[in-house]
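Notes follow once the structure below has been shown.
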Amino acid sequence: MNETLRLYYDNSYLAEFTTQVVAVAERDGQLALALDRSAFYPEGGGQPAVRGGLYDAAAVRRWQVRDVQSDNGVVWHLLAASAELPALGATLTGQIDWERRFDHMQQHCGQHILTAAFIATCNAPTVSFHLSERSVTIDLAVDELSEAQARAAESWANAAVWQNLPVHARFVTPTELASIPLRKPPAVSGAVRVVSIGDIDHSACGGTHPARSGEVGAIAVLGWSRQRGMIRVEFACGGRVVAALRERDAVARAAAATLSVGWAELPAAVARLQEAQQALQRELRQTQRDLDVLRAAQWYTQAPLINGRRVVTATLPTASVDRLRAIANVIAELPGGIAIVAGGEERVQVVVACHPDTNADARAILAAGMAVLGGRGGGNARIAQGGGGQPTLLAAAIAAMAEQAA
């Protein structure tokens with residue numbers, strides 16, 4: 001089968017075209033057509049496929065193109081379910097989703113410009129590019145990226161956009177290629193398609209691009225993070241910049257309205273709210289500690305005195321280990337006090353503490369419980385801590401520890 005003539009190579013703006021069916025097949029569980037020529041861009045090079053539809057000559061029947069893939073130079077158009085497919089040799093009209101095509105043109109061209117910007121401003125080369133429905137990212141081969149570096153690259157890139165530089169895409173011979181300062185060597189041999197944006201960037205690329213950089217509109221760096229030893233930069237171009245601005249503006253204004261301030265006063269209002277919350281959390285922790293001391297003393301007085309010992313058992317499912325230790329220490333500081341306190345919602349934690357006058361060994365008491373739970377722990381004669389095992393056996397473990405402590 002001959003390779004598909006890719007019309008978008010010469011004209012990224014072509015939204016409607018005529019073509020003939022050269023093959024019908026099933027690919028990845030979906031019906032697919034191969035055409036002699038196509039303006040549909042197949043997934044590749046970090047850029048998603050274009051979608052759209054195919055019509056018969058009378059414009060009576062329409063087949064929805066859900067995905068486009070390339071295989072050995074043949075472009076396959078994967079269709080939505082259909083009861084009847086066009087016949088081999090049938091003449092069809094293709095119509096691409098122009099809004100999606102132009103969005104991809106803006107994002108892809110913007111990526112070339114932003115990549116050039118990071119090289120020019122901080123010598124940070126791009127090693128990969130990914131474009132999805134909501135996100136556009138590049139991975140930079142650097143360990144760190146500062147706010148100043150990101151904003152410098154963003155400013156450089158937008159200056160290039162607003163210069164409205166010509167974007168020239170063409171196939172060149174190996175001889176011609178040798179005279180072009182490509183950003184990186186091409187991954188293919190033979191004739192190579194080169195996309196040049198003025199004199200700021202020359203790249204081997206099979207993607208779709210606008211005729212001039214001004215059509216990218218604007219480029220906004222939205223954030224960055226460390227990914228597998230590199231820096232992943234998320235950005236938006238053109239229409240996606242406007243969408244991101246609207247989304248963030250709506251969130252900021254909603255938050256400002258909730259706090260009854262203007263959106264420009266939001267950072268200061270949030271800072272005040274955080275300070276108040278931290279103060280309340282400190283007060284709550286102190287109140288919790290005071291309450292725990294009172295409750296521990298109450299449990300101690302309610303425990304029967306047997307052989308000079310008061311064994312207190314308690315379960316607090318939401319308590320942290322630090323809180324369990326604090327409660328156990330309060331009880332173990334009282335004459336004859338032995339504390340066996342447990343907690344933990346996902347993993348059982350147990351703390352055992354003994355007053356010296358009891359002559360009890362906290363490690364031995366804990367070991368009796370861990371044997372039932374199937375957990376592990378350690379400590380000393382004064383205080384021991386353990387956890388793990390089967391939470392459903394906690395009640396039986398506490399009973400075993402209480403018997404050991406009596």
Within the structure provided, determine whether Y300 and P335 are in side-chain contact (heavy-atom separation under 4.5 Å). yes

Side-chain contact test, heavy atoms from C-beta onward, threshold under 4.5 Å: evaluate it for V22 versus L88 and give yes or no. no

Without swapping roles, check the side chain of Y13 against the backbone of A211 for a donor-acceptor pair under 3.5 Å. yes

Would a 4.5 Å heavy-atom cut-off, applied to side chains only, mark N329 and V351 as touching? no

Could you check whether R289 and Q286, counting side-chain N and O atoms only, form a donor-acceptor pair closer than 3.5 Å? yes

Is it true that E283 and T287 share a donor-acceptor pair across their side chains at a distance under 3.5 Å? no

Within a reach of under 6.0 Å around CZ of R376, are more than 12 heavy atoms found that belong to other residues, nucleotides or ligands? no

If only atom types and distance count, is the side chain of Y41 paired as donor or acceptor with the main-chain N or O of V68 below 3.5 Å? no

T115 side, atom OG1; I197 side, atom CD1 - distance, nearest 0.5 Å: 9.5 Å

Check this for me, if you would: do E176 and R170 make a salt bridge, where the nitrogen-to-carboxylate-oxygen distance has to be below 4.0 angstrom? no

Would you check if D143 and R226 make a side-chain contact, meaning some heavy-atom pair closer than 4.5 Å? yes

Would you please test S203 and D201 for side chain to side chain donor-acceptor pair (under 3.5 Å) and show each step? CA-CA 6 Å; S203 300; D201 187 71; 2.9 Å; yes

Does a side-chain heavy-atom distance below 4.5 Å link V221 with R151? yes

Looking only at atom types and distance, does a side-chain atom of S135 sit under 3.5 Å from a main-chain N or O of S132, one as donor and one as acceptor? no

Ignoring hydrogens and geometry, is there a side-chain-to-backbone donor-acceptor pair from Q107 to C237 under 3.5 Å? yes

Between Q47 (side chain only) and H104 (backbone N and O only), is there a donor and an acceptor less than 3.5 Å apart? no

Measuring from atom CH2 of W224 to atom CD of E144, what distance do you get when rounded to the nearest 0.5 angstrom? 12.5 Å

Walk me through it: do V24 and L31 pass the test side-chain contact (heavy atoms from CB on, under 4.5 Å)? CA-CA 7 Å; V24 179; L31 296 174; 5.6 Å; no

Quick one, R240 with D103, criterion side-chain contact (heavy atoms from CB on, under 4.5 Å). Give me CA distance, side-chain angles, the key distance, then yes/no. CA-CA 8 Å; R240 295 198 187 193; D103 170 60; 2.7 Å; yes

Gap between atom CD of Q111 and atom CD1 of I113 - 0.5 Å precision: 10.0 Å

A264 versus P267, closest heavy-atom pair with distance: O-CD, 3.6 Å

Between the main-chain N or O of S128 and the side-chain N or O of D139, is there a donor-acceptor pair closer than 3.5 Å? no

So how far is it from T19 OG1 to H77 NE2, rounded to the nearest 0.5 Å? 7.0 Å

Just by distance, do the side chain of R6 and the backbone of R37 share a donor-acceptor pair under 3.5 Å? no

Around D290, counting heavy atoms of other residues, nucleotides and ligands shown, do more than 12 lie under 6.0 Å from its CG? yes

Short question: side chain of W162, backbone of G217 - any donor-acceptor pair under 3.5 Å? yes

Does a side-chain heavy-atom distance below 4.5 Å link L259 with R272? no

Go through R183 and T126 one step at a time and tell me if the side chain to side chain donor-acceptor pair (under 3.5 Å) criterion holds. CA-CA 10 Å; R183 184 177 356 116; T126 293; 5.8 Å; no

Side-chain donor or acceptor of R309 paired with backbone N/O of A405 under 3.5 Å: yes

Check the pair F118 / L145 against side-chain contact (heavy atoms from CB on, under 4.5 Å), numbers first and verdict last. CA-CA 10 Å; F118 274 112; L145 183 69; 3.9 Å; yes

Crowding at CD, E99 (>12 non-hydrogen neighbours, <6.0 Å): no

Is the shortest side-chain heavy-atom distance between V350 and M370 below 4.5 Å? yes

Value rounded to 0.5 Å, distance of CG in L33 from CZ in F40: 10.5 Å

For H209 and H108, take the angle between the two ring planes, folded into 0 to 90°, and tell me which bin it lands in: parallel under 30, tilted 30 to 60, perpendicular over 60. tilted

Identify the heavy atoms of L373 and A397 that sit nearest to each other, and give their distance. CG-CB, 3.6 Å

Minimum heavy-atom distance between N2 and V74, given as atom pair plus value: O-CG2, 3.8 Å

Taking Y9's backbone N and O only, do any of them form a donor-acceptor pair with R193's side chain (distance below 3.5 Å, no angle check)? yes

Under 3.5 Å side-chain donor-acceptor pair for Q288 and D292: yes

Evaluate side chain to side chain donor-acceptor pair (under 3.5 Å) for D67 paired with Q69, printing each intermediate quantity in order. CA-CA 7 Å; D67 192 14; Q69 298 291 327; 3.0 Å; yes

Do the side chains of Q227 and T137 get nearer than 4.5 Å, heavy atoms only? no

So which of H202, H168, H112 actually passes side-chain hydrogen bond (donor to acceptor under 3.5 Å, both in side chains) with S196? H202

Should we say atom CD of E403 is surrounded by more than 12 heavy atoms from elsewhere, each under 6.0 Å from it? no

List the atom of V321, the atom of Q385, and the distance in Å for their closest heavy-atom pair. CG1-NE2, 3.4 Å

Between L394 and A342, what is the shortest heavy-atom contact and its length? CD1-CB, 3.9 Å

List the steps, then state whether side-chain contact (heavy atoms from CB on, under 4.5 Å) holds for V21 with L35. CA-CA 5 Å; V21 179; L35 309 174; 4.1 Å; yes

With the threshold set at 4.0 Å, does a side-chain nitrogen-carboxylate oxygen contact exist between E215 and R212? no

Ion pair present between R51 and E133, side-chain N to carboxylate O less than 4.0 angstrom? yes

Which pair of heavy atoms, one from D56 and one from W63, lies closest together, and at what distance? N-CZ3, 3.7 Å

Can you tell me how far CG of L280 sits from CD of E275, rounded to the nearest 0.5 angstrom? 12.0 Å

